[in-house]
Asker: 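Sending over a structure as structure tokens; questions will come in a sec.
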Amino acid sequence: RSLSIVETLGSVNVLCSDKTGTLTQNKMHVEDAAIYDTTFNVPTLSEQLESAQPLVAENLRQLPTVSAICNAAAFEGSPSDSKRNIIGDATDSAILRFADNVVSSDTIRARWRHIHKIPFNSKTKFMLTISEAVPPTDESGPLPAPLASWDSFAPGDLLLCVKGAPDVLLSRCTHVLAPGGDRPLNLTYAARLRIVAIQEQWAAQGRRVLVLARRVIPRDLFPKDVDPYAEGFDEVIDGLNSELIIVGLVGLIDPLKPDIPDTVRICRGAGIRFFVVTGDHPATAVAIAGQAGIISNPAAVHHASDLLDQTTEKEKEREGLVVTPEPSDNAPPQSIVITGAELETLTKEQEDVLCAYQEIVFARTTPEQKLRIVRSMQARGGVVGVTGDGVNDAPALRAADCGIAMGSGSDVAREAADMVLLEDFSAIVVALEYGRLVYDNLKKTILYLLPAGSFSELMPIVLNVIIGVPQMLSNIQMILICVGTDVLPALSMCLEPPESGLLSRPPRNVRKERLANWRLLLQAYGFLGIIESLCAMSMSFWYLQRNGVPFSSLALKFGNYPAALTDDLLYEAQSVYFFTLVVMQWGNLLSTRTRKSSIFQQPPTWGVNRAVIPAAICALLIGIFFSYVPVFHHIFQTSKIPAIHFFIPMAFALALIVLDETRKLTVRTYPRGFVAWLAW
């Protein structure tokens with residue numbers, strides 16, 4: 001959404017990614033269902049329901065029925081259409097499809113009318129509906145499902161249904177429905193452990209686990225004097241959201257996008273720490289992170305308690321009580337999973353230890369906690385990129401150095417982001433590469449401009465002041481170089497493709513590394529600038545000597561030059577200096593195109609960068625235009641020069657390329673050597 005953010009993305013060293021819809025396809029389906037400690041897949045549940053005894057069937061029907069009632073999704077089209085679409089988010093759509101495969105969701109929904117609904121949000125992590133029964137046409141008709149024979153449901157009573165995270169809702173439940181029981185069982189500690197065991201088993205397989213529960217609310221418990229649309233009504237409902245009966249669990253699968261493992265591998269190879277920040281259960285998040293390659297070893301993941309242990313060890317080490325061994329270079333990167341609630345309890349020292357981990361999964365996080373994570377990483381020197389697609393990701397997207405929204409995400413996320421990926425998540429690799437390329441090409445452009453446009457223009461003035469020789473480049477010719485001959489070649493640098501290995505470098509340190517650092521200035525002035533200045537100066541003084549004005553008659557004269565040095569001869573010598581620089585800039589251009597790669601690895605051909613050769617030719621033509629058109633001779637103090645002074649600088653340019661190719665070969669051969677350390 002802004003060009004400047006592309007360069008920021010190239011320096012990102014921490015990437016915090018949402019899970020659902022970003023790493024995964026956001027195309028969910030219910031894989032498993034459980035009623036108490038009995039698990040089913042969808043076809044098995046349908047078969048059991050058809051062949052079960054009436055009481056068992058009544059209990060089995062509870063789960064799909066509550067799934068249909070407590071649901072914000074809706075079918076579109078005729079009920080007779082078996083492939084009709086569902087309008088709603090991925091979770092509700094998957095659960096509604098599951099319910100409709102087991103029972104008729106349209107029939108169920110027709111018997112209940114919602115009088116209040118609390119949508120799912122990332123803070124409460126549940127959805128709640130309160131419904132009243134729609135009387136059947138036949139007054140003697142049966143009670144509408146999910147009411148059972150053991151329910152005490154009087155006319156006017158209400159049905160509360162809730163669906164959400166087990167770790168949030170289990171504490172509100174007092175009973176659990178068993179498939180073959182004639183009444184719900186008390187939710188004892190042992191029964192709770194059985195349910196949690198199923199949840200942990202499914203979560204470890206990467207499933208999103210939701211519990212569904214219900215409660216019949218007698219009409220006399222429901223306050224009549226409270227306006228359902230008043231602000232305090234949700235507090236009344238929250239008080240009733242207790243003493244629930246668990247009707248079952250569902251396990252949903254959201255497949256990983258096929259390009260995610262390669263994308264994560266490339267990002268980590270580029271020196272970027274890749275974190276998961278999600279609202280899902282920790283085990284689910286770790287399983288998905290393991291599949292994506294974000295967690296190297298899901299079986300050896302640290303937890304919040306390990307932070308306390310490491311903090312204690314560091315305190316003892318400072319006091320001299322223990323000596324912590326140095327970690328091995330070959331040791332696997334440490335991984336940790338931490339929930340939003342645990343994050344809130346960390347001290348500053350523990351947070352420092354946490355931020356040092358290479359692989360982190362943040363689970364059960366709220367939008368405020370996602371924002372805190374971003375700011376914590378930034379405070380410790382991180383350049384943070386955040387990817388997400390939901391409304392709850394918007395604060396973190398806005399606060400990040402580079403917020404990246406998915407093109408299929410919400411309008412709020414796209415508005416808060418700096419960049420929108422219109423294609424798959426793998427497009428972020430292209431964005432990272434070109435973010436670094438922008439910075440690289442800017443350095444190349446600066447390096448190209450400095451030798452002729454700065455150093456070699458300064459040297460004639462310095463020599464004129466120090467040793468009294470004539471100024472061998474006129475002020476007008478200096479301007480012609482800056483605004484004429486150097487412009488198009490410098491612009492052609494912007495079109496250079498990425499060099500090989502661009503994404504194998506670590507991200508640059510934005511606090512220390514500068515666009516024109518001392519290494520670049522050394523290359524521009526100490527290598528290219530000196531060579532170009534010496535060659536141009538030698539050519540101009542050689543031209544004067546061939547025309548009867550030796551260097552000895554000019555040195556230390558400070559304006560008292562021999563009569564043989566006429567204005568026309570000086571203009572010709574200055575033009576020799578000018579064209580020597582223009583032609584030698586060809587060598588500078590072809591050398592500076594790459595930082596380490598050889599010109600043979602990235603040749604200036606039409607298919608690589610079609611602008612380089614035409615730009616170099618145009619630079620020479622601009623110089624010829626202002627030097628060979630007679631009307632400009634007096635205005636710009638230019639002159640024609642002999643043809644030899646075009647071809648000798650070409651040899652100098654070729655020598656410059658050979659010297660720089662030798663330097664690059666040395667850098668590639670000895671990447672830890674002195675020359676590589678000096679390389680820009």
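As the structure is a computational prediction, the values presented were derived from the model and not from experiment.
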Asker: Which distance, rounded to the nearest 0.5 Å, do you find between the CD of Q334 and the CG of N297?
Answerer: 12.0 Å
Asker: Tell me whether K27 is salt-bridged to D254, with the criterion being a basic N under 4.0 Å from an acidic carboxylate O.
Answerer: no
Asker: Which residues pass the side chain to side chain contact (heavy atoms under 4.5 Å, CB included) test with E423, sequence neighbours left out?
Answerer: A427
Asker: Which is it for T365 and L343 under the side chain to side chain contact (heavy atoms under 4.5 Å, CB included) test, yes or no, and what are the steps along the way?
Answerer: CA-CA 9 Å; T365 54; L343 185 65; 5.6 Å; no
Asker: Could I get the full list of side chain to side chain donor-acceptor pair (under 3.5 Å) partners for T20, not counting sequence neighbours?
Answerer: R208
Asker: So which pairs with a foot in residues 184-204 pass salt bridge (charged side-chain N to carboxylate O under 4.0 Å, His left out), sequence neighbours left out?
Answerer: D37-R194
Asker: Hey, could you give me each pair passing salt bridge (charged side-chain N to carboxylate O under 4.0 Å, His left out) that has a residue in residues 391-404? Not counting sequence neighbours.
Answerer: K370-D393
Asker: T339: what forms a side chain to side chain contact (heavy atoms under 4.5 Å, CB included) with it, not counting sequence neighbours?
Answerer: P282, A341, E342, R364
Asker: Could you pull out all residues at least two apart from N101 that satisfy side chain to side chain donor-acceptor pair (under 3.5 Å)?
Answerer: none
Asker: The criterion is salt bridge (Lys or Arg N to Asp or Glu O under 4.0 Å); which residues satisfy it with R414, sequence neighbours excluded?
Answerer: D411
Asker: The criterion is side chain to side chain contact (heavy atoms under 4.5 Å, CB included); which residues satisfy it with S426, sequence neighbours excluded?
Answerer: D259, T263, D424
Asker: Run the salt bridge (Lys or Arg N to Asp or Glu O under 4.0 Å) test against D100 and tell me which residues pass, sequence neighbours left out.
Answerer: none
Asker: For F425, does the CZ atom sit with more than 12 other heavy atoms under 6.0 Å from it, leaving out its own atoms?
Answerer: yes
Asker: For D92, give me all partners under side chain to side chain donor-acceptor pair (under 3.5 Å), at least two apart in sequence or on another chain.
Answerer: K163
Asker: Residues in side chain to side chain contact (heavy atoms under 4.5 Å, CB included) with N85, at least two apart?
Answerer: E76
Asker: Once side chain to side chain donor-acceptor pair (under 3.5 Å) is applied, do any residues pair with D18, and if so which ones, sequence neighbours excluded?
Answerer: none
Asker: Are H29 and F98 close enough that their ring centres sit under 6.0 Å apart?
Answerer: no
Asker: Whether R84 engages the ring of F75 as a cation-pi pair (distance to the six-membered ring centre under 6.0 angstrom, angle to the ring normal within 45°) should be assessed.
Answerer: yes
